[in-house]
Amino acid sequence: MSSSPYYLKGSPLNVRLNSVIGWLARHGLSLAGTAEMSVKGRKSGRMQRIPVNPHTYEGARYLVSARGHSQWVRNMRAAGGGELRVGRKVRAFTAVELPDAEKLPILRTYLEKWGWEVNQYFQGVTAKSTDEEIVAAAPDHPVFRITVEG
C-alpha cells in the first residue's frame, strides 16, 4: 500500500471540462447544482478556484473531494473555509472536515446524485456498493461540512 494519500489527477480533457464548468458557474449558469469554489492557497495566499458539486444531506451542506487529497483539500484544511459562487451570488462559508466514521451516508447520497460524473474517481465504488465498500473508500475522499455565512 502506498504511503501517499490517494489523489487521482484529472486528464487533460477533465481539466478542460472543469475550466468550462467553473467559467459557466462564475457567469451564472449552474449545471445540476455546480458552483465555483474559491479557497485561499496555503502557500501562495492567492484565491484558488475550482468547480465543485455542493451536496446537501439532511439539511446540512457538504463538499466531497471525489479525486481524493487534492490541492483544494489541503488548502481548505489550512484556510477553514472559502467562497461559493454562482454568477454574482457569492457566499462565504466555513468548513469542518468529517472523520471517516461519519462519511458513509454523505458519500452514498453524493454518489447517488453525482455518480454519473464522479464514479470514475471512486475506484469501483458506486452508490450501489455495500456499506463496507463505501466505508473502506472513505479515507480516500475527504468530506467537509460547510456552513454558509449570513
Side-chain angles (χ1 to χ4, degrees), residues 1-22 24-26 29-42 47-86 89-149:
M1 181 163 178
S2 171
S3 61
S4 316
Y6 171 78
Y7 173 66
L8 184 60
K9 185 176 180 178
S11 71
L13 178 60
N14 292 140
V15 171
R16 183 72 185 127
L17 287 174
N18 270 352
S19 69
V20 169
I21 292 167
L24 289 170
R26 200 165 44 256
L29 183 60
S30 172
L31 302 177
T34 59
E36 183 181 69
M37 177 184 67
S38 297
V39 61
K40 187 175 182 178
R42 66 194 182 287
M47 294 301 271
Q48 307 293 315
R49 299 187 314 214
I50 185 168
V52 292
N53 302 322
H55 180 63
T56 302
Y57 175 74
E58 293 189 344
R61 301 218 27 188
Y62 299 90
L63 294 174
V64 175
S65 181
R67 293 180 192 222
H69 296 265
S70 63
Q71 292 301 319
W72 80 255
V73 167
R74 295 168 190 194
N75 289 337
M76 186 67 68
R77 288 174 178 149
E83 295 176 342
L84 290 176
R85 170 189 295 272
V86 176
K89 187 173 185 180
V90 179
R91 297 165 296 167
F93 67 88
T94 56
V96 175
E97 190 168 1
L98 296 186
D100 294 338
E102 294 179 20
K103 293 179 185 176
L104 173 63
I106 291 96
L107 289 176
R108 183 175 301 284
T109 56
Y110 178 82
L111 288 167
E112 287 169 357
K113 180 170 184 182
W114 296 102
W116 60 274
E117 180 186 353
V118 302
N119 276 350
Q120 62 187 322
Y121 306 120
F122 278 79
Q123 306 178 94
V125 173
T126 70
K128 294 180 180 176
S129 294
T130 65
D131 286 355
E132 292 76 19
E133 290 168 329
I134 293 176
V135 167
D140 290 338
H141 302 283
V143 176
F144 295 86
R145 180 183 303 109
I146 63 171
T147 303
V148 176
E149 298 171 3

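- Within 6.0 Å of the CZ atom in Arg16, the count of heavy atoms belonging to other residues, nucleotides or ligands does not exceed 12.
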side-chain contact (heavy atoms from CB on, under 4.5 Å) assessment of Ile146 paired with Leu84: CA-CA 10 Å; Ile146 63 171; Leu84 290 176; 3.8 Å; yes

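- Listed by chain and number, the residues in a salt bridge (charged side-chain N to carboxylate O under 4.0 Å, His left out) with Glu133 amount to none (sequence neighbours excluded).
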Verify side-chain contact (heavy atoms from CB on, under 4.5 Å) between Tyr110 and Val143, making sure each step is shown before the conclusion. CA-CA 10 Å; Tyr110 178 82; Val143 176; over 6 Å; no

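- Inter-residue side-chain proximity for Trp114 and Thr34 is flagged as met; some heavy-atom pair is nearer than 4.5 Å.
- Here the options are Met37, Arg26, Arg85, the test is side chain to side chain contact (heavy atoms under 4.5 Å, CB included), and the partner is Arg49; only Arg26 passes.
- In terms of modelled atom types and a separation under 3.5 Å, the side chain of Arg145 and the main chain of Tyr62 share no donor-acceptor contact.
- Ser65 and Ser70 make their closest contact through OG-OG, 3.7 Å (heavy atoms, listed as atom of the first residue, atom of the second, distance).
- Here the straight-line distance linking atom CG of Asp131 with atom CZ of Arg108 works out to 5.0 Å at 0.5 Å rounding.
- Between Trp72 and Ile50, the closest heavy-atom pair is CD1-CD1, 3.5 Å.
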Start with the C-alpha gap between Thr109 and Glu112, add the side-chain angles, then the distance that decides, and say whether side-chain contact (heavy atoms from CB on, under 4.5 Å) holds. CA-CA 5 Å; Thr109 56; Glu112 287 169 357; 3.9 Å; yes

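- Distance check, rounded to the nearest 0.5 Å: OG1 of Thr126 to NZ of Lys128 gives 7.0 Å.
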Under 3.5 Å, side-chain donor or acceptor atoms of residues 5-12 against the rest of the protein: list the pairs with distances, not counting sequence neighbours.
unit_1, atom_1, unit_2, atom_2, d
Tyr6, OH, Tyr121, O, 2.6
Ser11, OG, Leu13, N, 3.4
Ser11, OG, Asn14, N, 3.1
Ser11, OG, Asn14, OD1, 3.0

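- Residue pairs meeting the salt bridge (Lys or Arg N to Asp or Glu O under 4.0 Å) criterion with at least one partner in residues 61-80, sequence neighbours excluded, are Arg77-Glu97.
- Between the side chain of His69 and the backbone N or O of Pro139, at least one donor-acceptor pair lies under 3.5 Å.
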Please step through side-chain contact (heavy atoms from CB on, under 4.5 Å) for the pair Val64 and Val118, ending with a clear verdict. CA-CA 10 Å; Val64 175; Val118 302; over 6 Å; no

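- A parallel orientation is assigned to the rings of Phe122 and His141, their planes being inclined by less than 30° (bins at 30° and 60°).
- Side chain of Asp140 to main chain of Gly68: no donor-acceptor pair is present (N/O by atom type, distance under 3.5 Å, no hydrogens or angles).
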